[in-house]
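The structure under discussion appears below in the form of structure tokens.
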Amino acid sequence: MSPPPPPVTVIGIGADGWAGLGPAAREALRTAEVVIGGRRHLGLLPPECPGERVPWPSPLRPAVPGLFAAHAGRRISVLASGDPMFFGIGRTLAELLGAERLRVLPHPSSVSLAGARLGWALEETEVISLVGRPLATLSRELYAGRRLLVLSAGADTPAEVAGLLGDRGFGPSRMRVLERLGSAAERCVEGTAEEWPHPPGDPLNVIAVDCAPADGARPLSLTPGLPDAAYDHDGQLTKRHVRAATLAALAPAPGELLWDVGGGSGSIAVEWMRAHRTCRAISVERDPARAERIGRNAAALGVPGLTVVTGAAPDALAELPTPQAVFIGGGLTAPGVLEACWAALPPGGRIVANTVTLESEALLADWYRRHGGDLVRLAVSHATPVGGFTGWRQAMPVTQWSAGKPLASRGPGGDAADPEGSVEAAQGETR
């Protein structure tokens with residue numbers, strides 16, 4: 001039996017370089033045969049660290065297995081900024097090499113140092129990384145009185161953040177940019193987002209934001225059921241009150257993946273992802289113009305990580321990762337759509353389907369008979385002027401079927417997947 005490979009020591013290093021490292025980190029670097037890290041990090045090492053210095057390749061993640069295989073059997077140390085397990089390389093290495101292979105020696109993160117300088121309690125502060133992430137990620141976090149620490153992607157990020165705050169109605173927000181935290185060259189500049197006066201500074205910076213909305217700004221709630229006007233749409237939109245009921249039936253939970261089939265404007269997928277920062281969604285839409293619109297809505301509402309697949313179900317579903325929940329808002333009567341969505345769900349997964357047509361309602365009634373769950377009709381009326389008075393105007397009622405995939409092989413009303421279900425010809429279903 002061959003001996004286990006030597007552990008990979010992952011060492012956090014700050015802007016203060018070698019001087020800020022503890023004895024264990026220094027010893028690991030002195031005795032390492034190979035030191036892997038960014039070029040800036042490698043440049044912080046003194047001559048007393050004789051190991052081969054290997055800069056990270058780009059793109060990094062696909063190269064990691066081969067890189068470590070090339071140095072198998074050697075003592076390897078990896079340099080990372082601050083705490084390697086906080087928005088750092090440590091997570092990637094744990095996923096690709098296995099957590100049991102790692103020995104992690106963290107350094108205070110830039111977030112910890114920023115909290116210390118500002119006097120902010122970190123448990124009450126939201127941390128957002130813009131390193132390798134779209135600027136629009138910040139939009140979801142903007143609420144009056146909120147404190148944000150933004151991990152910057154470079155010297156231009158503060159001005160970009162200031163511009164986004166102004167565009168989203170948070171121009172009065174106070175911004176402080178803390179550069180080279182922990183080093184002798186540390187400094188802080190500040191101003192408001194709407195009048196940000198500073199040119200690009202050091203690329204190593206953290207941005208502190210005290211969120212303050214402008215007069216008349218109305219931040220959007222994280223609770224499902226955003227106003228219909230929050231979306232750009234061509235009429236293919238699950239309306240606000242039905243949308244809230246639909247999200248309640250889908251029951252998003254942290255880390256789960258939703259398939260939004262027949263995406264329309266993307267409202268269900270967007271609000272699924274707004275429910276928690278780790279929620280993921282794939283919106284499947286056959287119309288290219290609507291697919292592009294879904295992407296724009298996702299960015300505007302702070303969830304630019306929404307994946308949009310342009311194609312028709314069920315064919316477009318074939319290669320998608322397994323969902324924990326599926327919503328069908330269009331194309332119910334297309335052959336094989338319900339069957340494909342039901343088959344894709346793991347035991348315990350949830351499905352919700354909405355329709356406004358009699359043909360699709362009959363289909364949902366059949367699936368309800370065979371698989372159980374809940375079959376409800378949602379009717380919403382709005383007060384509207386009637387001459388000089390006010391009356392009720394009812395929107396088209398929506399029939400909704402929701403069900404959970406049985407944990408056992410058989411569920412209420414029949415097999416977990418019944419290939420004999422009736423399927424009608426496609427009717428151009430609307431959301």
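- For the pair Val161 and Leu130, the minimum side-chain heavy-atom distance is below 4.5 Å.
- Of the possible donor and acceptor atoms, one in the side chain of Asp228 sits under 3.5 Å from a partner among the backbone N and O of Arg240.
- No more than 12 heavy atoms of other residues, nucleotides or ligands shown are found within 6.0 angstrom of CD on Glu319.
- Two residues are said to be in side-chain contact when any heavy atoms from C-beta on lie closer than 4.5 Å; Pro227 and Leu220 meet this criterion.
- In this structure, Ile207 and Met175 have side chains that are in contact, with non-hydrogen atoms separated by less than 4.5 Å.
- Between Tyr368 and Thr399, every side-chain heavy-atom pair lies at or beyond the 4.5 Å cut-off.
- Put simply, the side chain of Val206 reaches to within 4.5 Å of the side chain of Leu151, judged on heavy atoms.
- Here the side chains of Arg176 and Arg117 are not in contact, with every heavy-atom distance at 4.5 Å or above.
- Inter-residue side-chain proximity for His41 and Val35 is flagged as unmet; no heavy-atom pair is nearer than 4.5 Å.
- The minimum heavy-atom distance linking Pro84 with Pro106 is given by the pair CD-CA, 3.8 Å.
- Between the side chain of Arg53 and the backbone N or O of Leu42, at least one donor-acceptor pair lies under 3.5 Å.
- Leu301 approaches Ala230 most closely through the heavy-atom pair CD1-O, 4.1 Å.
- With rounding to the nearest 0.5 angstrom, the CG atom of Leu222 is 10.5 Å from the NE2 atom of His276.
- Of the possible donor and acceptor atoms, one in the side chain of Trp259 sits under 3.5 Å from a partner among the backbone N and O of Pro321.
- Counting only distance, with no hydrogens or angles, the side chain of Arg147 and the backbone of Val209 share no donor-acceptor pair below 3.5 Å.
- Residues Leu96 and Pro65 come closest through the heavy atom pair CD1-CD, 4.3 Å.
- We find the CG-CG distance between Leu113 and Leu118 to be 10.5 Å, quoted to the nearest 0.5 Å.
- Considering every non-hydrogen atom in both Glu256 and Ala251, the closest pair reads OE1-O, 3.9 Å.
- Just one residue in the list Leu247, Ile351, Leu258 forms a side chain to side chain contact (heavy atoms under 4.5 Å, CB included) with Phe327, and that residue is Leu258.
- Donor-acceptor pairing under 3.5 Å is lacking for the side chains of Asn354 and Thr238.
- For the residue pair Asn205/Glu179, the side-chain donor-acceptor check at 3.5 Å is not satisfied.
- Between the OG1 atom in Thr307 and the CD1 atom in Ile294 there is a gap of 11.5 Å [rounded to 0.5 Å].
- Counting only residues at least two apart or on different chains, no ring-ring contact (aromatic ring centres under 6.0 Å, His included) pair has a member in residues 61-94.
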Would you sort out whether Thr157 and Val177 count as a side-chain contact (heavy atoms from CB on, under 4.5 Å), showing the intermediate values? CA-CA 10 Å; Thr157 305; Val177 178; over 6 Å; no
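- With hydrogens and angles disregarded, no donor-acceptor distance shorter than 3.5 Å links the side chain of Glu186 to the backbone of Leu178.
- Partner Ser402 forms a side chain to side chain contact (heavy atoms under 4.5 Å, CB included) with one of Leu364, Val352, Leu375 and no other, that one being Val352.
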Applying salt bridge (Lys or Arg N to Asp or Glu O under 4.0 Å), run through Arg187 and Asp202 and close with a yes or a no. CA-CA 10 Å; Arg187 75 164 187 155; Asp202 195 283; over 6 Å; no
Verify side-chain contact (heavy atoms from CB on, under 4.5 Å) between Gln324 and Arg350, making sure each step is shown before the conclusion. CA-CA 7 Å; Gln324 282 72 50; Arg350 291 96 64 198; 4.2 Å; yes
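- For the pair Leu67 and Pro57, the tightest heavy-atom approach, listed with the atom from each and the gap, is CD2-CD, 4.1 Å.
- Surrounding CZ of Arg277 are at most 12 heavy atoms belonging to other residues, nucleotides or ligands under 6.0 Å away.
- A salt bridge links Arg61 to Glu95: at least one charged side-chain nitrogen sits closer than 4.0 Å to a carboxylate oxygen.
- Between the Arg140 side chain and the Arg274 main chain, a donor and an acceptor come within less than 3.5 Å of each other.
- The CG atom of Leu237 sits 5.0 Å away from the CZ atom of Arg243 when rounded to the nearest 0.5 Å.
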Test log, rule side-chain contact (heavy atoms from CB on, under 4.5 Å), inputs Trp120 and Val111: CA-CA 10 Å; Trp120 286 7; Val111 167; over 6 Å; no
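- For the pair His198 (side chain) and Glu190 (backbone), a donor-acceptor distance under 3.5 Å is present.
- Arg293 has no carboxylate O lying under 4.0 Å from a charged side-chain N of Asp287, or vice versa, which leaves the two without a salt bridge.
- The two residues Trp56 and Val78 come nearest to each other via the heavy atoms CZ2-CG1, 3.5 Å.
- Ring geometry for Trp367 against His371 counts as tilted: the plane angle lies between 30° and 60°, on a 0 to 90° scale.
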Set out, in order, the CA-CA distance, both residues' side-chain angles and the distance that settles side-chain contact (heavy atoms from CB on, under 4.5 Å) for Thr355 and Leu363, then state yes or no. CA-CA 10 Å; Thr355 187; Leu363 182 60; over 6 Å; no
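- Applying side chain to side chain contact (heavy atoms under 4.5 Å, CB included) to Asn297 and the options Ser283, Ser267, Ser265 leaves one that passes, Ser265.
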Passes side chain to side chain donor-acceptor pair (under 3.5 Å), Asp83 versus Ser112? Steps please. CA-CA 9 Å; Asp83 184 347; Ser112 294; over 6 Å; no
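- In terms of modelled atom types and a separation under 3.5 Å, the side chain of Ser152 and the main chain of Gly154 share a donor-acceptor contact.
- Using a cutoff of 4.0 Å between basic side-chain nitrogens and carboxylate oxygens, Glu141 and Arg146 are scored as salt-bridged.
- Between the Arg75 side chain and the Thr31 main chain, a donor and an acceptor come within less than 3.5 Å of each other.
- Between Val398 and Thr246 there is no side-chain heavy-atom pair separated by less than 4.5 Å.
- Distance CD/Glu271 to CG/Asp260: 11.0 Å, rounded to 0.5 Å.
- Expressed to the nearest 0.5 Å, how far CG of Leu306 lies from CZ of Arg280 amounts to 12.5 Å.
- More than 12 non-hydrogen atoms from other residues, nucleotides or ligands lie less than 6.0 angstrom from CZ of Arg30.
- No donor-acceptor distance shorter than 3.5 angstrom exists from the side chain of Trp18 to the backbone of Leu44, with no hydrogens or angles considered.
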